[in-house]
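Proteins come first, then strands; the chains are lettered A, B, ... in the order of their sequence lines, and each starts at number 1. What you see is a predicted model, and the numbers here were worked out from it, not measured in a lab. Computation of the quantities below employed the complete heavy-atom set of this structure, encompassing side-chain atoms and omitting hydrogens, waters and symmetry-equivalent molecules.
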Amino acid sequence: MEEEVRLISASYSREEDGVVVELYGKTKEGKSIVGRYHGFLPYFYLVEPPAVLLEKLSEDEEIKNMEDVELWYRGKMRKCVKVTLSSPWKTPNYRRFASEFCEVLAADIPFHQRFIYDFDLGSCVKFVGDYKPNDKYTAEIVMELESVENIEDFKPELKIFSFDIENSMKDGTIFTIGYAIWENGEIKEGHVEGDEKELLENFVKVIRKEDPDVITGYNIDGYDLEVITDRAKKLGVELNIGRDGSKPQRIGGQFWRVHGRVIEDAWWAVKKELRLKQESLEAVSQELLGEGKMDVDRVNIDEEWEKDRDKVIKYCVKDAELALRILLKIGIIGKYMDLATVTKFPLDDVMHSGTSTWVDSLLIREADRRKIGVPLQGQERKRGKIEGGYVHSLEPGLYHWICVLDFKSMYPSIIIKYNICFTTLSEDGDIVSPTGAKFLSKERREGIIPKILKDLMAKRDELKRKMKEAATEEERNYYDGLQKAVKILMNTFYGVLASSFYRFTDPRIGASITSFARETIRKIIGNLESRGLKVVYGDTDSIFFESPHQNLDGSVKFGTEMAKEISEKEELILEFEKILEPFFSHGAKKRYVGRIVWPEDKRGEMIVRGYEIRRTDSFDLQSEAQKMVFEKILDGDVEGAISLAKEIVSKVRRGEVEIEKLVISRTVRDFKRYKNPNSMANVQAAKKLMKKGFKFIPGMKVSWIVVNARGSKQDVEPYIPGKEFPYRPDFQYYARRIAETLARITEVFGIDQEELLTGKKQSSLSAFGEKKKMKTLFDYE
DNA sequence: GGAAGCCGGGG
DNA sequence: GTGTACGGCTTCC
């Protein structure tokens, strides 16, 4: 019997006759399946172990086998012993014990991943074996596996179960659980009823019956799952919602895992994929779906429940539905399926493991093939930060016809070009990085990291080619998703190598990569300048220079030629990415704005880098004013921009501003949890609300307006939407904040914060012309 | 300037 | 379960 399966998650069970590896997935036909594999055993390696250790281990019943092997480790082949044991869960103990005697290798690899590496499985496989009904599982098909083979990847539609709970603010009792299920392009809704115990039992029943691949909801990681687990425990309900009947488990006080399914919090998905100022379900639904939650006062949920149960149930189901549609809208499942394909992992592993594990997935397999020892992940963390990319200084001003060139996969290309790898790092290497580290040339020993990256790069080119040749939109999207995933994975390699203590590397390697990159980009900038071109800016892998032609056609032609010419010289590919007309910066690195005029499909798009305001104490007027001024500048109207900035500031000073645009909001927790509660504006606002007779519940969001910022601490007054605000905002304070924001732009034209505020020039320096002085004034980094 | 603290979502 | 884990901003030292 055979079944073609996309792997969703993998784990193992202890059964009477030993350990069983369980591979969960979805078949091409859309059925849920579990494949059971018997007889795979955990193992690790000892490097040059002393006899006393071997003796002790050989007397131990847990140890199944010991075998002499040779492994390359720290620059040479060494005598090692492969130790096979019978219980994966005991491995950490033996690892700790053995570490007292000698170095231990590959003893910290999760058992199911060890299985996947050893069978070199990808994310889609063929199960070969017999169907054996087994009432342990909720899956439709259960197979006892004889073998597992890799097959071409496919993306089955997954079944997604979204839920939401409503529970008492007073005692935590769960009132209802609403859900929405995505299957075959349709959404089905429902809720569970009964007293709290029945309700939880019914919830478990629904999940077991529906057997979803993915469980979601909004902030379920931090709230709903926690509450449900607590209440179930109190009431003695078995929360066996795993595909094997196991309970969900919290990992590191963070996310949750359950055997056979993926638990993906829609809120976290939104955080990962988008950068939004407001992340509440209401705000995100409005933003992505154009509709909001139902009108229920959840601070008074107990009363609402007493008053109108049907309404609360509807509200609850609606929230579950919104979370589901958000998850679908951002396409995170599809994206991670593509990443699963390129990392050769089950979906759950790629979604819920760190990026270093993605790199492990390719690197450990390759290391095993080449008999290279796999070191343990070091314990040290966050040490010795390496120097990053080169950032070219940016002189303040407005520029025209800026060509932007970008290195294609710069860091991966550098790693390949200079054969940078832990296997090539060597004192007698002939490739010397600017930091002094030496690497063997490709001819003497090809590094395994460069090899993997080279394959990935070729893979990406092939996928891009297939994408271009695609006959249908669907096919095109399929390949586009995969090529993007390869790109993400390639960049992850650098990110992991640059982190100070990844198992396969050390800071010398990360530092060498960036130093080669800095050297390369500096050289190219130097070349461009020696041709008389003005290089305006550059950051890590991009170069911005002024086109010698003040028109579109000439600039496109010139940029294309330059990219081609430099690429040929460097063994690295420079791509002509875009033309900005105009381009503006006030002179700080990583901060600029511009309008794209080429390529055609992005024409008119405004790009803003580094100026985004995402401070927790920001108010709407700040970002609105900034945006308006930028738009004027990009229209080429500098005078207009300056007068607009002055006008906005003086209007705020005079109090001619919509009060809503000055509101600042934040959550307030239990006052006791603050070290210095009285100094915090949110606490002050909450206390004043209570005085006015409003009910305060920890966790509530409060809004306020600053009414006096002159003293040692800010005086604020709560703002209640829809009600008149009976105080006078501290307009001087708001004018100052706005002027601070806008002056960063207008300073380039000689108008500083003081002048925006008072209309008077404060410094004797006037605007342009005095470049040298301007540079010292504005070149803050 | 780096480490520690806190928020954000949810009822 | 061979894994101990957010990301960004602010305040503190």
task: Please confirm whether the backbone N or O of Thr84(A) pairs with a side-chain atom of Asn65(A), one donor and one acceptor, at under 3.5 Å?
output: no

query: When only distance counts, do a donor and an acceptor, one from the side chain of Asn167(A) and one from the base of dG11(B), lie under 3.5 Å apart?
result: no

message: Applying a 4.0 Å non-hydrogen cut-off, can you work out what Tyr43(A) is touching in the nucleic acid: base, sugar-phosphate, or nothing?
response: base

message: Under 4.0 Å, heavy atoms only, any strand: does Ser280(A) hit a base, just the sugar-phosphate, or nothing?
response: sugar-phosphate

statement: Within residues 239-266 of chain A, the residues having a heavy atom closer than 4.0 Å to DNA chain C are Gln249(A), Ile251(A), Gly252(A), Gln254(A), Arg257(A)

Pair Glu264(A) + Lys272(A), salt bridge at N-O below 4.0 Å: yes

- prompt: Where is the tightest heavy-atom contact between Leu376(A) and Arg503(A), given as atom of each residue plus distance?
  reply: O-CB, 3.8 Å

query: Between Ser86(A) and Glu62(A), do the side chains contain an N or O donor and an N or O acceptor separated by less than 3.5 Å?
result: yes

query: Counting any heavy atom closer than 4.0 Å, what does Lys701(A) reach on the DNA or RNA strands: base, sugar-phosphate only, or nothing?
result: sugar-phosphate

field: cation_pi(Lys82(A), Phe44(A)) dist<6.0 Å, angle<=45
entry: no

field: Residue whose nearest DNA chain C nucleotide is more 5′ - Lys271(A) or Thr357(A)
entry: Thr357(A)

field: Among dT2(C), dG9(B), dG1(C), the nucleotide that comes nearest once only the side chain of Gln278(A) is considered
entry: dG9(B)

query: Reckon Gly222(A) touches a base, only the sugar-phosphate, or nothing at all at heavy-atom distances under 4.0 Å?
result: base

- prompt: In whole angstroms, how far is the P atom of dG9(B) from the CD1 atom of Ile326(A)?
  reply: 12 Å

- request: Select one nucleotide: of dC7(B), dT2(C), dG10(B), the one nearest the side-chain heavy atoms of Arg666(A).
  value: dC7(B)

query: Can you find a heavy atom in the side chain of Asp120(A) that is under 4.5 Å from one in the side chain of Lys344(A)?
result: yes

task: Quickly work out the Glu279(A) CD to dG10(B) P distance and round it to whole Å.
output: 10 Å

query: Whole-Å distance between dG8(B) P and Leu281(A) CG?
result: 16 Å

- request: Report yes if a donor N or O on one partner sits less than 3.5 Å from an acceptor N or O on the other, where the partners are the side chain of Tyr218(A) and the base of dG9(B); otherwise report no.
  value: no

message: Please pick, from dG11(B), dC6(C), dT2(C), the nucleotide with the shortest atom-to-atom distance to any side-chain atom of Pro42(A).
response: dT2(C)

message: For dC6(B) and Arg669(A) - does any side-chain N or O of the residue sit under 4.0 Å from the phosphate oxygens OP1/OP2?
response: no

task: Ignoring hydrogens and angles, state whether a donor on the side chain of Ser13(A) or Glu22(A) is under 3.5 Å from an acceptor on the partner side chain.
output: yes

task: Can you check whether any acceptor in the base of dG3(C) is under 3.5 Å from a donor in the side chain of Arg95(A), or vice versa?
output: no

